[in-house]
Amino acid sequence: DDPVGTVLGPLTMGQTLCLAMILVGATLLLRAVTRGQVEAAYKARFSPDAVKNVALGDSPSKGASGARVVIAEWADFECPACAATRPVLDQLIERYPNDVRLVFKHFPLTMHPNAEKAARSAVAAHRQNKFWELHEALFENQENLEPEAVERLAKEAGLDLKRFVQDRDSEATADAVARDRKQGEALDIKSTPSLFINGRPFVLSSSDMKEDLEEWVKLELELTKARAAPAAPAPAPAAPSGAAAPAAAAPQAAEAASP
């Protein structure tokens with residue numbers, strides 16, 4: 001049976017050759033693309049050159065302080081993708097409470113009119129040790145982050161509102177947000193969310209952020225475990241040939257000397 005002929009009907013010699021050339025060309029192209037993708041993915045995941053120096057400073061964080069996996073996230077409170085990523089990161093912290101730590105960095109995008117003010121509001125909340133409470137509220141109310149609405153959220157989160165407004169509007173808070181953004185730009189961040197895991201930029205390899213991130217973290221835990229494992233002790237040097245012979249002969253000598 002000829003499945004191609006069944007679908008297309010009888011083919012002339014020229015049509016057959018043309019189809020064969022198309023199939024061969026497509027196969028070669030697929031191989032080239034796949035090879036390039038594999039090489040790029042391998043380099044991004046394992047090359048030491050891909051690891052960046054990510055200063056964490058006093059940025060808000062949650063998870064174990066001595067975690068083997070540290071995720072630094074640059075995010076924008078008006079970014080829908082950032083809002084979708086938040087529960088995925090929270091689930092990782094819950095699943096690996098002793099092994100994963102999340103550090104938040106601000107990267108408000110100019111396309112979002114309220115992102116800068118929301119970032120400053122989060123910094124102000126951090127000054128009252130309420131960052132994560134407001135962080136959650138901002139993402140859950142992402143569709144309305146006008147300053148007045150954010151002030152209501154801050155009050156509901158238990159913040160001292162007068163101090164909150166003063167801190168939000170201060171130059172020091174604006175500088176804190178700008179530092180995070182400049183740090184992200186130095187790391188070539190152009191979109192949000194952007195994640196760095198133990199200094200290595202996280203590369204999404206499919207459309208499933210949860211699955212990709214879970215696999216990345218699992219592998220990172222295995223890699224850090226392998227790096228931390230003590231080296232096997234070196235084997236004892238072999239005795240020179242014949243060195244043990246006198247020791248073996250010593251008892252016989254002693255017996256011969258006995259009366």
Side-chain angles (χ1 to χ4, degrees), residues 36-77 79 81-82 85-86 88-93 95-110 115-116 118-120 122-123 125-127 129 131-132 135 171-205 209-210 212-231:
Q37 289 175 335
V38 168
E39 290 175 355
Y42 182 87
K43 183 177 180 180
R45 186 64 186 88
F46 297 107
S47 172
D49 296 337
V51 178
K52 307 298 182 182
N53 181 20
V54 178
L56 303 179
D58 61 351
S59 297
S61 67
K62 61 180 176 179
S65 59
R68 290 186 288 142
V69 175
V70 177
I71 303 174
E73 176 197 20
W74 273 261
D76 173 321
F77 286 109
C79 165
C82 295
T85 301
R86 180 181 68 87
V88 175
L89 293 171
D90 286 345
Q91 288 167 16
L92 274 177
I93 298 293
R95 194 171 297 120
Y96 304 101
N98 299 318
D99 296 316
V100 177
R101 177 185 173 204
L102 173 64
V103 179
F104 188 91
K105 299 281 189 176
H106 299 281
F107 203 84
L109 301 172
T110 55
E116 174 73 24
R120 296 185 187 186
V123 172
H126 186 39
R127 299 193 193 286
N129 297 317
F131 172 83
W132 294 108
H135 169 277
E171 185 176 346
T173 295
D175 288 344
V177 174
R179 279 196 301 272
D180 279 0
R181 185 190 292 109
K182 288 179 182 177
Q183 185 184 17
E185 290 169 349
L187 293 169
D188 202 30
I189 290 175
K190 294 181 174 62
S191 61
T192 56
S194 287
L195 308 178
F196 282 71
I197 303 178
N198 285 353
R200 188 183 296 276
F202 168 71
V203 180
L204 188 67
S205 61
M209 164 71 82
K210 182 177 180 180
D212 278 6
L213 194 55
E214 175 86 16
E215 291 303 318
W216 189 292
V217 168
K218 283 182 179 179
L219 179 56
E220 194 66 23
L221 286 171
E222 290 299 322
L223 292 173
T224 55
K225 183 179 179 180
R227 294 187 199 111

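Annotation for Trp132 and Ser61: closest pair NE1-O, 3.2 Å, computed over non-hydrogen atoms. Ala81 approaches Pro193 most closely through the heavy-atom pair CB-CD, 3.7 Å. Heavy atoms only, all atoms of each residue included: Thr224 and Leu221 are closest at OG1-O, 3.0 Å. Shown here for Pro108 and Ala119, the closest heavy-atom pair between the two residues is CG-CB, 4.3 Å.
Listed by first and then second residue, the salt bridge (charged side-chain N to carboxylate O under 4.0 Å, His left out) pairs involving residues 187-197 are Asp188-Lys190 (not counting sequence neighbours). For residues 56-65, the set of pairs meeting the salt bridge (charged side-chain N to carboxylate O under 4.0 Å, His left out) definition, not counting sequence neighbours, comprises Lys62-Asp90.
Using a 4.5 Å cut-off on side-chain heavy atoms (C-beta onward), Trp74 and Glu185 make no contact. The shortest distance between side-chain heavy atoms of Leu195 and Trp216 does not fall below 4.5 Å. Under the 4.5 Å side-chain criterion, counting only non-hydrogen atoms from C-beta, Ile189 is not in contact with Lys105. Between Val217 and Asp99 the shortest side-chain heavy-atom distance does not fall below 4.5 Å. You'll find the side chain of Leu102 stays beyond 4.5 Å of the side chain of Leu92, heavy atoms only.
Expressed to the nearest 0.5 Å, how far CD of Glu73 lies from SG of Cys82 amounts to 6.0 Å. To the nearest 0.5 Å, atom CD of residue Glu220 and atom CZ of residue Arg200 are 7.0 Å apart. Between Ile71 atom CD1 and Leu89 atom CG the span is 6.0 Å, to the nearest 0.5 Å. Separation of atoms CE (Met209) and CZ (Phe202) is listed at 5.0 Å; rounding is to 0.5 Å. The line from OH of Tyr96 to NZ of Lys218 is 5.0 Å long, rounded to the nearest 0.5 Å.
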Kindly indicate, with the supporting measurements, whether the criterion side-chain contact (heavy atoms from CB on, under 4.5 Å) is fulfilled by Leu56 and Arg101. CA-CA 11 Å; Leu56 303 179; Arg101 177 185 173 204; 3.9 Å; yes

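Only one option out of Val54, Val51, Val70 pairs with Phe196 in a side chain to side chain contact (heavy atoms under 4.5 Å, CB included); it is Val54.
Ion pairing between a basic and an acidic side chain is recognised when a charged N comes within 4.0 Å of a carboxylate O; Glu222 and Arg68 show no such pairing. With respect to the salt-bridge test (charged N to carboxylate O, under 4.0 angstrom), the residues Glu214 and Arg95 qualify.
Distance alone, capped at 3.5 Å, places no donor-acceptor pair between the Asp76 side chain and the Thr192 backbone.
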Determine all donor-acceptor pairs shorter than 3.5 Å in which one atom belongs to a side chain in residues 174-182; sequence neighbours excluded.
from: Asp180; atom 1: OD2; to: His106; atom 2: N; distance (Å): 2.9
from: Arg181; atom 1: NH2; to: Glu116; atom 2: OE1; distance (Å): 2.5

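The aromatic rings of Phe104 and Phe131 lie tilted to each other, with the angle between the two planes from 30° to 60°.
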